[in-house]
Asks: 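Before I ask anything, let me first share the structure, which is written out below as structure tokens.
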Amino acid sequence: MKIVKRTIGQQLDLIASQYPENPAVTCGAECLTYRQLLEQVDDAAKGLLALGIRHGTHMAVVGQNGIPLLTCLLAGLRIGAVCVTSSCRLPADALIQRLRDTDTHWLFDDAPVRRAAAAENGIRTICMSDLETLIRSGEEISDADLAAAMAAVMPEDTDVILFTSGTTSSPKAVLTTHLSRLNNALSMVQCNEILPKDRFCVALPMNHCFCLTANIFAPLCSGACICFTKDHHSQNVLSTIEKEHCTIMHGVPTLFFSAARRQEQEKRDISSLRMGMIGGAGYTPEQFRWAAKVLSFALIPSLGQTEATAGITVGNFDDSESVKSTTVGQLFPGIEARFCDPVTRRVLPDGEIGELCIRGYNVMQGYYGIPDSDAIDADGFLHTGDLGSMDGKGNITLCGRCKDIIIRGGENIAPAEVEGVLSRIPGIRDVKVIGVPDDHFGEELCACVICENTVTAEEVRQAAAKSLPHYKLPRYVVSLEAFPFSETGKIRKQELLKTAVQAIKADLLRQ
């Protein structure tokens, strides 16, 4: 793969010159063509310059998906500001801490409570949706001033700071670049055969790395249209697909599964939908095949990570259903991989299960404020924390996270293997296997299940014993109504562990 050395601002110029009248973004009744989007972004960028925001300034953009958020993000990137993104659901105190940790001096946000908290901490704030005021403030900035600011931006410059999900540890601030973002998006355009006539249904929040690369910059690299949903609720997702005739929807498993359940009930006209990448969290082969069938489109597996600018692997359209549902596909062009022992970091022979490590244009610059992180080794390989292996055709199969491995009496157990067996038991709709503290074995297996009907712990163990050795059978089975998900569809593992331990203790007291 030939690396494209271009900034995000230059990419916007290019795509607007190629497809000026193509619809670029819709949100409800609002719609901007690429020509209109470029004009609005440039006017907003002048407003930023008038405020004193310059190349390298850290400015946070926080809010609901929509044209104001997209405009402010692109305007900042156009003049070389570093855009700090964060969930709009984050409490004010937690957001302020993130802004402090990343030396952020500006906050663009619609929430008065967060803006007030930021102002009290010396951070300058702007109401993001008030684009007219921002644009008016830049009327004295000339086209030449804007061009000079843009000329100072290099492809290797930091584009955004995104935070890791923080489901197992404190969120880390990840630094990526214009070059890594655009080339990752261009790879997605190539592998997903995206065309200027495509229309993306965008339900994931833009502070999610997967969304930013796959749902925002992939369209901006192809001339396709970004169609924002009102929110992430399934009825509004299906409504957007139907109304906007969306052809592509990339998302996390929970997004597809909730949409599929709703579609089974409502039978909306979503026949325009042709494909979508699924990633960001685990799922079973059965869930994959069910969602693809109900939504009646080409569901493509993928693997991404914030530290890898989102995209690492992607499946092929012509892969068999078996390959699509059980692997995460092959490496994107220009990325190389090796598998290492997660403890010693020794490189393992082909085919052995180990930690997936990758090297290429998509690897982050590092973590902001953590200069001594060992996430990237001396050879430039990013240690992803994912356990898996690669077959002879280059397809990568995952079997869990290094941190998720359960060590029971010295035996290493991958939760994904046990989950795969339990998910086939009639009555179990979803399952997550975790390790809970045990005085004798160190850890014991606990299966947290969501059931369609009553399934006893003994029934689960008896069914699983047909496929698993004794030491891999869950000692505990905890029935839940729902799992604690983050807004990006990942299990909040510490919260799940706490809930499971409480349920086990309560059950033991009843005995």
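Remember, it's a predicted structure, so these values are computed and weren't measured experimentally.
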Asks: Taking all heavy atoms of Asn192 and all of Met275, pick out the closest pair and write down the distance.
Replies: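 It is OD1-CE, 3.4 Å.
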Asks: Measure the CG-SG distance between Asn207 and Cys83 for me, rounded to the nearest 0.5 Å.
Replies: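 Nearest 0.5 Å value for the CG-SG distance: 13.0 Å.
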Asks: Ignoring hydrogens and angles, tell me if any N or O in the side chain of Glu419 forms a donor-acceptor pair with the backbone of Val433 under 3.5 Å.
Replies: yes
Asks: Taking atom CG of Leu95 and atom CG of Leu90, what is their separation to the nearest 0.5 Å?
Replies: 5.5 Å
Asks: If you compare all heavy atoms of Ala173 against all heavy atoms of Thr102, which two are closest, and at what distance to 0.1 Å?
Replies: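 In terms of heavy atoms, the two residues are closest at CB-CG2, 3.9 Å.
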Asks: For the atom pair CG (Leu70) and CZ (Phe228), what is the distance rounded to the nearest 0.5 Å?
Replies: 5.0 Å
Asks: Is a side-chain donor or acceptor of Arg429 paired with a backbone partner of Ile450 at a separation under 3.5 angstrom?
Replies: no
Asks: With side-chain contact (heavy atoms from CB on, under 4.5 Å) as the test, would you mind laying out the steps for Phe381 and Glu355 before giving the verdict?
Replies: CA-CA 11 Å; Phe381 279 87; Glu355 181 182 13; over 6 Å; no
Asks: Looking only at atom types and distance, does a side-chain atom of Thr229 sit under 3.5 Å from a main-chain N or O of Asp231, one as donor and one as acceptor?
Replies: yes
Asks: Side-chain contact test, heavy atoms from C-beta onward, threshold under 4.5 Å: evaluate it for Leu496 versus Cys448 and give yes or no.
Replies: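 Leu496 vs Cys448: side chains touch.
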Asks: Show your working on side-chain contact (heavy atoms from CB on, under 4.5 Å) between Thr85 and Phe163 and close with a plain yes or no.
Replies: CA-CA 8 Å; Thr85 70; Phe163 290 86; 5.8 Å; no
Asks: Judged by atom type as modelled, is there a donor-acceptor pair below 3.5 Å linking the side chain of Asp319 to the main-chain atoms of Asn316?
Replies: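 Yes.
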Asks: Can Thr26 and Thr240 be said to form a side-chain contact (heavy atoms from CB on, under 4.5 Å), step by step?
Replies: CA-CA 10 Å; Thr26 69; Thr240 299; over 6 Å; no
Asks: Determine whether Leu220 and Leu74 make a side-chain contact, defined as any pair of heavy atoms from C-beta on separated by less than 4.5 Å.
Replies: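 Result yes, sub-4.5 Å side-chain heavy-atom pair found.
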Asks: Is any side-chain heavy atom of Asp391 closer than 4.5 Å to a side-chain heavy atom of Thr397?
Replies: no
Asks: Tell me which donor-acceptor pairs under 3.5 Å the side chains of residues 293-305 have, and how far apart each pair is, sequence neighbours excluded?
Replies:
{"unit_1": "Ser302", "atom_1": "OG", "unit_2": "Ile278", "atom_2": "O", "d": "2.9"}
{"unit_1": "Gln305", "atom_1": "NE2", "unit_2": "Thr384", "atom_2": "O", "d": "2.7"}

Asks: Determine the minimum heavy-atom distance between Ile413 and Arg408, stating which atoms define it.
Replies: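 Here Ile413 and Arg408 meet closest at CD1-CB, 4.0 Å.
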Asks: Report, as yes or no, whether the 6.0 Å neighbourhood of atom CG on Asp350 holds more than 12 heavy atoms from other residues, nucleotides or ligands.
Replies: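 Counting other residues, nucleotides and ligands, CG of Asp350 stays at 12 neighbours or fewer.
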Asks: Are the side chain of Lys5 and the backbone of Met154 linked by a donor-acceptor contact shorter than 3.5 Å?
Replies: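 Answer holds: no.
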Asks: Start with the C-alpha gap between Asn362 and Asn184, add the side-chain angles, then the distance that decides, and say whether side-chain hydrogen bond (donor to acceptor under 3.5 Å, both in side chains) holds.
Replies: CA-CA 6 Å; Asn362 64 332; Asn184 211 215; 5.4 Å; no
Asks: For the atom pair SG (Cys402) and CG (Leu387), what is the distance rounded to the nearest 0.5 Å?
Replies: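 These two atoms lie 4.0 Å from each other.
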Asks: Would you mind reporting whether Leu445 and Tyr476 have side-chain heavy atoms less than 4.5 Å apart?
Replies: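 A side-chain contact under 4.5 Å is absent here.
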Asks: Would you indicate whether Gln64, at its atom CD, is surrounded by more than 12 heavy atoms from other residues, nucleotides or ligands within a distance under 6.0 Å?
Replies: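 Not more than 12 within 6.0 Å, no.
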Asks: Mind checking the CG-CD spacing from Leu162 to Glu307? Nearest 0.5 Å is all I need.
Replies: 10.0 Å
Asks: Is Arg424 reaching over with its side chain to a backbone N or O of Gly420, donor-acceptor style, under 3.5 angstrom?
Replies: yes
Asks: So how far is it from Thr309 OG1 to Ile335 CD1, rounded to the nearest 0.5 Å?
Replies: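 Thr309 OG1 to Ile335 CD1: 8.5 Å, rounded to 0.5 Å.
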Asks: Indicate yes or no: at least one non-hydrogen side-chain atom of Gln287 is less than 4.5 angstrom from one of Asp430.
Replies: yes
Asks: Which atoms form the tightest heavy-atom contact between Val421 and Ala464, and what is the distance?
Replies: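 The answer is CG1-CA, 4.1 Å.
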Asks: Any idea which heavy atoms bring Val431 and Ala447 closest together, and the distance?
Replies: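 That closest heavy-atom pairing would be CG2-CB, 4.4 Å.
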Asks: Which ring-ring contact (aromatic ring centres under 6.0 Å, His included) pairs, counting each pair once, include a residue from residues 172-226, with sequence neighbours left out?
Replies: Phe200-His250
Asks: Among all residues two or more places apart in sequence or in another chain, which pass the ring-ring contact (aromatic ring centres under 6.0 Å, His included) test with Tyr283?
Replies: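 If we apply the ring-ring contact (aromatic ring centres under 6.0 Å, His included) test to Tyr283, skipping adjacent residues, the hits are Phe288.
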Asks: In the structure I gave you, are the side-chain heavy atoms of Gln11 and Cys221 within less than 4.5 Å of one another anywhere?
Replies: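 Gln11 reaches Cys221 side chain to side chain.
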Asks: Does a side-chain heavy-atom distance below 4.5 Å link Arg6 with Pro155?
Replies: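 Sidechains of Pro155 and Arg6: no contact.
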Asks: For Asp377, which of Arg345, Arg346, Arg338, Arg359 qualifies under salt bridge (charged side-chain N to carboxylate O under 4.0 Å, His left out)?
Replies: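 Looking at Arg345, Arg346, Arg338, Arg359, the match for Asp377 under the salt bridge (charged side-chain N to carboxylate O under 4.0 Å, His left out) is Arg338.
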Asks: Could you list the donor-acceptor pairs under 3.5 angstrom formed between side-chain atoms of residues 326-333 and any protein atom two or more places apart in sequence or on another chain?
Replies:
{"unit_1": "Thr326", "atom_1": "OG1", "unit_2": "Ser322", "atom_2": "O", "d": "2.6"}
{"unit_1": "Thr327", "atom_1": "OG1", "unit_2": "Val323", "atom_2": "O", "d": "2.9"}
{"unit_1": "Thr327", "atom_1": "OG1", "unit_2": "Gly329", "atom_2": "N", "d": "3.1"}
{"unit_1": "Gln330", "atom_1": "NE2", "unit_2": "Lys393", "atom_2": "O", "d": "3.0"}

Asks: Taking only residues two or more places apart in sequence, or in another chain, which ones meet Ser234 in a side chain to side chain donor-acceptor pair (under 3.5 Å)?
Replies: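 Ser234 satisfies side chain to side chain donor-acceptor pair (under 3.5 Å) with Arg262 only.
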Asks: Look at the side chain of Asn22 and the backbone N and O of Tyr34, then say whether any donor-acceptor pair between them is shorter than 3.5 Å.
Replies: no
Asks: Side chain of Ser187, backbone of Asn183: donor and acceptor closer than 3.5 Å?
Replies: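 Answer holds: yes.
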Asks: Can you name the closest pair of heavy atoms from Leu69 and Val62 and give their distance?
Replies: CD1-N, 4.3 Å
Asks: For Gln10 and Thr7, indicate whether the former's side chain and the latter's backbone hold a donor-acceptor pair under 3.5 Å.
Replies: yes
Asks: Using the salt bridge (charged side-chain N to carboxylate O under 4.0 Å, His left out) rule, collect all pairs that involve residues 177-206, keeping only residues at least two apart or in two chains.
Replies: Asp159-Arg181, Asp198-Arg274, Arg199-Glu244
Asks: Go through it in stages, so that I can follow the logic: the residues are His383 and Asp374, the test is side-chain contact (heavy atoms from CB on, under 4.5 Å), and I'd like the CA-CA distance, side-chain angles, deciding distance and then a yes or no.
Replies: CA-CA 8 Å; His383 288 249; Asp374 63 352; over 6 Å; no
Asks: Is Pro415 close to Lys432 at the side-chain level, that is, under 4.5 Å between some pair of heavy atoms?
Replies: no
